[in-house]
Each structure stands twice: as structure tokens, then as C-alpha cells.
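The residues of the chain are indexed from 1 along the displayed sequence.
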Amino acid sequence: MFQAADDGFIVSQIEKLAELPTFPPFSHAFYRLIAQYVAKCDESADRLRGLFARFLSGELAYHQGMEDMVRRDQVSVGDLQSLSDKHRIHLRALLEAAHQPTEEPEQELVRHLILAETHYHLRETDRVVAHLEWAVAAGAEHPLVFFALGYNRFALALETFVRPGDNPDEWQIIDFARFQDACLQVVSAFENALGGDAGDKGVYGWIVRVLRTAGFPEAAEEAMQQAGELADEFESDEEETADEVWELEGEELHAEEGLPPISREEIEAAGESLKRSFSVDELMRQRPDTSE
């Protein structure tokens with residue numbers, strides 16, 4: 001059983017995570033978005049508030065553990081394995097606690113986003129995609145959710161259709177037609193993350209990468225041209241566009257009440273962070289182990 005937590009505690013946990021160097025910018029933006037959705041739920045969502053708070057506490061313990069190891073003179077493989085095992089056990093417990101559906105669409109939206117993030121840390125990409133799609137169906141039509149959906153659809157396409165070749169550094173696509181179809185679904189999700197402003201630059205970069213990988217060079221070139229036109233259009237008023245926010249439907253959550261809305265600037269920074277960690281070549285060389 002997970003104890004209830006208020007929105008202030010959730011905010012404090014996210015901000016503590018943001019202070020740790022191992023905590024990625026994309027996760028910071030994504031957790032803030034979940035917190036905003038949670039804040040819109042009524043008191044009947046206390047179970048989900050407690051669940052999200054417990055998830056955040058587990059992530060905080062994990063990242064604090066990694067930071068502690070960085071400060072040590074020596075770290076054994078056993079220490080790393082122990083921290084990883086504790087993290088995995090914690091995530092499995094969360095999945096068990098969150099399996100029961102709720103009756104309210106707003107709460108289902110939150111539940112699926114928490115489940116998506118939990119499966120992401122367990123490297124279960126197919127479940128991540130499924131829960132993000134369910135979250136969108138429940139009303140999570142926020143650009144950041146679509147960005148996460150595109151990112152994980154691309155990871156799933158690579159995991160499903162790309163295999164090592166006979167020679168080193170050689171990779172084969174086992175069903176090129178289905179791989180292309182999957183990549184078009186990736187592009188569709190990224191297109192839904194576009195907002196028509198300067199913050200779209202990072203999203204267009206991902207669209208170009210996916211189209212090139214899928215063997216659509218002309219479409220990739222067109223996307224590059226669109227990105228270039230966008231950069232020219234917003235170059236003169238860059239300071240103004242940096243202050244724009246992604247607003248949820250309804251009343252904005254202001255900084256003094258909790259977490260400020262997620263800015264367009266953040267998605268570009270998050271996209272660049274993911275780009276460094278999700279090179280297509282690197283992922284094809286080191287695909288997550290899903291054999292467990």
C-alpha cells in the first residue's frame with residue numbers, strides 16, 4: 001500500500017532530482033508534466049498521488065546512490081549490481097500497485113504516464129509505447145507526450161526489425177516494409193509534437209533522423225528545409241519565443257503554486273539530450289537486453 005502524498009511533496013521530489021547530475025533533462029520535463037496532470041485531479045486521486053510520490057522517491061534514491069558511488073575512490077561491480085537490483089525491485093512493486101484501472105479519465109491519464117515511465121526504466125519498450133498510446137487516448141495530447149511516444153516508437157522499431165549482420169559493424173533490417181511503416185508511425189507522433197514555433201527545431205531534427213534511417217531521403221530533405229525555414233522565421237525574435245510555454249488545458253499552474261509550465265526551450269534542450277544518448281548507430285550497436 002502506498003501512502004498518500006500532496007502535490008507539494010511531489011514538486012519537492014522532482015526538484016531534488018533536478019539537482020542531481022545523473023538525472024536527465026527530459027525526465028525532469030516529463031515528471032513536471034505528470035505533476036501538472038496530477039494537480040488537476042481531485043481528492044479522489046490520492047492513491048495515484050501516493051503512487052507517483054513513491055515512484056519519485058525511488059528515482060531519487062537511485063540517483064543519489066549513483067552520485068554517492070561517483071564520490072567513492074573505488075566502486076565494485078557488486079555495488080552497482082545491488083543498486084540496480086533495488087531499483088528494479090522498486091519498479092516492479094510500482095507496476096503491481098498501479099495495475100488496477102481507475103474510473104476517471106484524468107486519473108487514467110496519470111496512471112498510464114506513470115506506468116510508461118516505469119516500464120521505460122525497466123527497458124520494456126513495447127509496454128512504454130502501449131501506455132503512452134493509452135495516455136493519449138485518455139486525453140494526454142501534450143507535445144511532450146507525443147515526443148516521448150515518437151522516441152519510444154523509434155526504439156521499438158529498431159529493437160524489432162534490426163539485427164546484427166554477419167560482419168562486425170554490420171546491421172540488417174529483417175522486414176524493410178514493416179520497418180518503414182513503423183518509422184512512419186514514429187514521424188506521425190513527432191509531427192503531433194510540433195507547435196509551429198522555434199521550439200520545433202529539435203523535433204524536426206528527430207524527424208529527419210527517422211526518415212533517413214527508414215530510407216526516405218527526399219522526405220528527410222523536405223523536413224530539413226522546413227526546419228531551416230523555421231530557424232530563419234524565428235531568428236529575429238528568439239528571446240520572445242524562448243519565454244513561450246506549453247500550457248495544459250484549463251488553469252495554468254504557476255510557480256508559486258508548484259511547478260511552472262513546461263517551456264518550448266525545455267523541449268529543445270530535452271531533445272538535444274536525447275539525441276546524444278540515442279544515436280541510431282549507438283542504439284543499433286547496444287540495444288537494451290530484453291531477454292529477461
Side-chain angles (χ1 to χ4, degrees), residues 1-68 87 90-91 93-94 97-98 102 104-121 131-132 135 138-145 147-148 199 242-271 273-274:
M1 178 65 66
F2 294 99
Q3 295 181 348
D6 60 25
D7 296 331
F9 178 78
I10 288 172
V11 168
S12 69
Q13 295 295 91
I14 294 173
E15 293 312 295
K16 286 178 182 178
L17 277 164
E19 295 173 358
L20 298 171
T22 56
F23 184 63
F26 185 86
S27 292
H28 185 213
F30 198 73
Y31 295 178
R32 286 177 57 196
L33 178 63
I34 297 175
Q36 290 180 41
Y37 280 128
V38 169
K40 289 168 64 69
C41 294
D42 58 27
E43 292 181 358
S44 66
D46 281 348
R47 171 177 164 269
L48 285 179
R49 283 186 172 87
L51 184 71
F52 188 41
R54 183 63 178 269
F55 168 82
L56 292 171
S57 295
E59 291 305 295
L60 186 59
Y62 178 66
H63 285 279
Q64 286 175 335
M66 289 195 291
E67 179 68 7
D68 179 63
H87 190 221
H90 174 77
L91 294 170
L94 282 163
T102 62
E104 298 296 327
E106 285 186 351
Q107 294 185 31
E108 273 299 272
L109 181 159
V110 170
R111 189 177 73 90
H112 284 301
L113 290 177
I114 295 172
L115 284 168
E117 189 65 15
T118 304
H119 283 291
Y120 176 79
H121 289 297
H131 283 293
L132 287 173
E141 297 181 347
H142 190 281
L144 190 61
V145 177
F147 190 89
D243 293 331
E244 294 180 2
V245 298
W246 287 357
E247 298 178 2
L248 298 172
E249 293 182 2
E251 187 176 350
E252 240 178 64
L253 183 68
H254 296 288
E256 61 270 21
E257 298 170 346
L259 294 168
I262 297 162
S263 68
R264 290 284 185 184
E265 194 175 31
E266 281 184 288
I267 187 54
E268 186 172 336
S273 172
L274 284 174

Run the salt bridge (Lys or Arg N to Asp or Glu O under 4.0 Å) check on Asp6 and Arg49 step by step: do they pass? CA-CA 7 Å; Asp6 60 25; Arg49 283 186 172 87; over 6 Å; no

I'd like to know if the side chain of [X] pairs up with that of [Y] as donor and acceptor (distance under 3.5 Å, no hydrogens or angles considered).
X	Y	result
His121	Glu117	yes
Ser57	Gln13	yes
Ser44	Glu104	no

Please step through side chain to side chain contact (heavy atoms under 4.5 Å, CB included) for the pair Lys16 and Gln64, ending with a clear verdict. CA-CA 10 Å; Lys16 286 178 182 178; Gln64 286 175 335; 5.7 Å; no

Could you tell me if the side chain of [Y] sits less than 4.5 Å from the side chain of [X], heavy atoms only?
X	Y	answer
Glu15	His28	yes
His142	Tyr37	yes
Gln107	Arg47	no

Gap between atom [atom2] of [Y] and atom [atom1] of [X] - 0.5 Å precision:
X	Y	atom1	atom2	result
Leu94	His119	CG	NE2	10.5 Å
Leu60	Leu20	CG	CG	6.5 Å
Arg32	Ser27	CZ	OG	13.0 Å
Phe26	Leu144	CZ	CG	4.5 Å
Glu19	His63	CD	NE2	13.5 Å
Leu48	Ile34	CG	CD1	11.0 Å

Taking all atoms of both residues into account, what is the closest heavy-atom pair of [X] and [Y], and its distance?
X	Y	result
Ala135	Leu113	CB-CD2, 3.7 Å
Ile10	Ala53	CG1-CB, 4.2 Å
Ala140	Leu109	N-CD1, 3.4 Å
Asp7	Ala39	OD2-CA, 3.7 Å
Ala98	Arg111	O-NH1, 2.7 Å

Apply the test ring pair (Phe, Tyr, Trp, His ring centres under 6.0 Å) to residues Tyr31 and Phe23: give CA-CA distance (whole Å), side-chain angles for both, the deciding distance (0.1 Å), then the verdict. CA-CA 11 Å; Tyr31 295 178; Phe23 184 63; 5.5 Å; yes

Please check: side-chain N/O of [X] versus main-chain N/O of [Y], any donor-acceptor pairing under 3.5 Å?
X	Y	result
Glu108	Thr102	yes
His87	Ala61	no
Thr118	Leu91	no

